[in-house]
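Structure first, commentary second.
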Protein chains: 2
Amino acid sequence: MKDHVAHRNTKQRTIILEELTKLTSHPTATELYNIVRKRLPKISLGTVYRNLELLTENGIIQKLELAGNESRFDAMAVRHNHVRCVECGRVDDLMDIPDDPLIERPAIIDGYRIEGYNLEFYGVCPHCYKKSKGK
Amino acid sequence: MKDHVAHRNTKQRTIILEELTKLTSHPTATELYNIVRKRLPKISLGTVYRNLELLTENGIIQKLELAGNESRFDAMAVRHNHVRCVECGRVDDLMDIPDDPLIERPAIIDGYRIEGYNLEFYGVCPHCYKKSKGK
DNA sequence: CTCATTGCAAATGATTTGCAAGAAA
DNA sequence: TTTCTTGCAAATCATTTGCAATGAG
């Protein structure tokens, strides 16, 4: 979209990407904002949103738009699936699950030019399962 | 959740379900509100939301929580997949696509008790494709 | 009578945007 | 310089909620 525009290397952008890369927790924009704030106390949440959007457009990071939930961000650009815990909301990677059966689908269904799909598993994470057994 | 509570048959609830059932367009709450308002001019958007939620909890209708988009509602309670047009936002049913390959997955992955998944295709609908060719 | 439900308005929560000041290139 | 970016605050958008009044059973 904006391939022709010169993007500048700002301190903010660099640190946002650095901190996101350190995390495997798929933070929300606000969570990442709170982390980045430790290094850049003056940064604003709006800047975090703008940069995450830009990095996503450039394919450097991935935006996980979870059904009915706050978006989360993933520094791993390689496509892979995710599981969301219905209890605590955490999101984990599912590297083992191949997404091939869906990729094989025809590119045109019912007249639609299919561009892709969103697939998201949900369930109870090990931690919350352990807690619920304690009841 | 509320199986023990007595639900009352209100005019509002009846008409909301009636109108939703007439539609195959998977309306948003606001779209349905505007339709229902023709029969019940005093109804409020909040009432529409509350009833759609209740009907969903009771398994009478389906709430489609689309990644990063407004929720839409479907009077067909039988599970089936959907495609969303990235141009105009409309959502259509995909009755032909079986979702079996995913159902066969193990119930526990990486420690997660998998309860289900959200799968949503996206692409360009026939109508928008026709328009874009005209450029 | 009771209490689920409604209409209304205000509140919430996530995300976006307008704008003047600041900083890359 | 030029113009992309930022910080800040206000705006937006979907959805939820508090509350007094209403109505179904």
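Note on naming: letters A, B, ... go to the chains in the order of the sequence lines (proteins, then strands), and numbering restarts at 1 for each one.
- Using a 4.0 Å heavy-atom criterion, one finds that A:Ile43 contacts the sugar-phosphate atoms exclusively.
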Open item on the list: Within the 4.0 Å limit for protein heavy atoms, which parts of nucleotides 17-25 of chain C are touched? Write it as a string from 5' to 3', B for base, S for sugar-phosphate only, - for none.
Closed with: BB----BBS
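- When all heavy atoms are compared, the tightest approach of B:Cys125 to B:Arg90 is SG-CD, 4.0 Å.
- Summarising the geometry, the separation between CZ on B:Arg13 and C1' on C:dA4 is reported as 8 Å, rounded to the nearest angstrom.
- Atom pair A:Glu53:CD and D:dT6:P shows a separation of 14 Å (rounding to whole Å applied).
- Using a distance-only test at 3.5 Å, with no hydrogens or angles considered, a donor-acceptor pair links the side chain of B:Asp74 to the main chain of B:Met76.
- Within the 4.5 Å cutoff, the side chain of A:His26 has heavy atoms near those of the A:Asp93 side chain.
- Connectivity analysis of hydrophobic side chains (ILVMFWY, heavy atoms under 4.5 Å, direct or indirect) links B:Leu66 to B:Leu64, B:Val91.
- Two residues are said to be in side-chain contact when any heavy atoms from C-beta on lie closer than 4.5 Å; B:Arg72 and B:Arg84 fail this criterion.
- OP1 or OP2 of D:dG7 has at least one side-chain nitrogen or oxygen of A:Thr47 nearer than 4.0 Å.
- Side-chain N or O atoms of A:Asn58 include none that pairs as donor or acceptor with a backbone N or O of A:Thr56 at under 3.5 Å.
- Rounded to an integer number of Å, the gap from CD of B:Glu31 to P of D:dC13 is 15 Å.
- Annotation for A:Phe73 and A:Leu20: closest pair O-CD1, 3.7 Å, computed over non-hydrogen atoms.
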Output a table of nitrogen or oxygen pairs between the protein and nucleotides 11-14 of chain C separated by less than 3.5 Å.
| unit_1 | atom_1 | unit_2 | atom_2 | d |
| --- | --- | --- | --- | --- |
| C:dA14 | OP1 | A:Glu70 | OE1 | 3.3 |

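- Between A:Glu120 and B:Glu120, the closest side-chain pair of non-hydrogen atoms is not below 4.5 Å.
- Salt-bridge annotation for B:Lys22 and B:Glu19: present, with a side-chain N of the basic residue lying under 4.0 Å from a carboxylate O of the acidic one.
- By the salt bridge (charged side-chain N to carboxylate O under 4.0 Å, His left out) test, B:Glu115 is found to be paired with no residue, residues two or more places apart in sequence or in another chain being considered.
- Remark: P of C:dT15 and CG of A:Leu32 are 13 Å apart, rounded to the nearest angstrom.
- In this structure a side-chain-to-backbone donor-acceptor pair under 3.5 Å is missing from A:Asp110 to A:Tyr112.
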TODO: Dot-bracket notation for DNA chain C is requested: 5' to 3', Watson-Crick or G-U wobble pairs only, both distances under 3.5 Å, with ( ), [ ], | and . as defined.
DONE: ||||||||||.|||.||||||||||
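- Here the shortest heavy-atom pairing between A:Pro27 and A:Leu32 reads CB-N, 4.1 Å.
- Between the CG atom of B:Leu54 and the C1' atom of D:dT16 there is a distance of 15 Å, given to the nearest Å.
- Rounded to whole angstrom, the span from the NZ atom of B:Lys42 across to the P atom of C:dA9 amounts to 11 Å.
- Shown for residues 34-41 of chain A: no residue has heavy atoms falling under 4.0 angstrom of DNA chain D.
- No side-chain donor-acceptor contact under 3.5 Å links B:Arg13 to the backbone of B:Lys11.
- Taking 4.5 Å as the limit, some side-chain heavy atom of B:Ile43 sits within range of a side-chain heavy atom of B:Ile16.
- Separating the NZ atom of B:Lys63 from the P atom of D:dT15 is a distance of 7 Å, rounded to the nearest angstrom.
- Comparing A:Ser44 and B:Ala29 by the nucleotide of DNA chain D that holds the closest heavy atom to each, the one mapping nearer the 5' end is A:Ser44.
- Computed from coordinates, the B:Asn51 CG to D:dT16 P distance equals 13 Å when rounded to whole Å.
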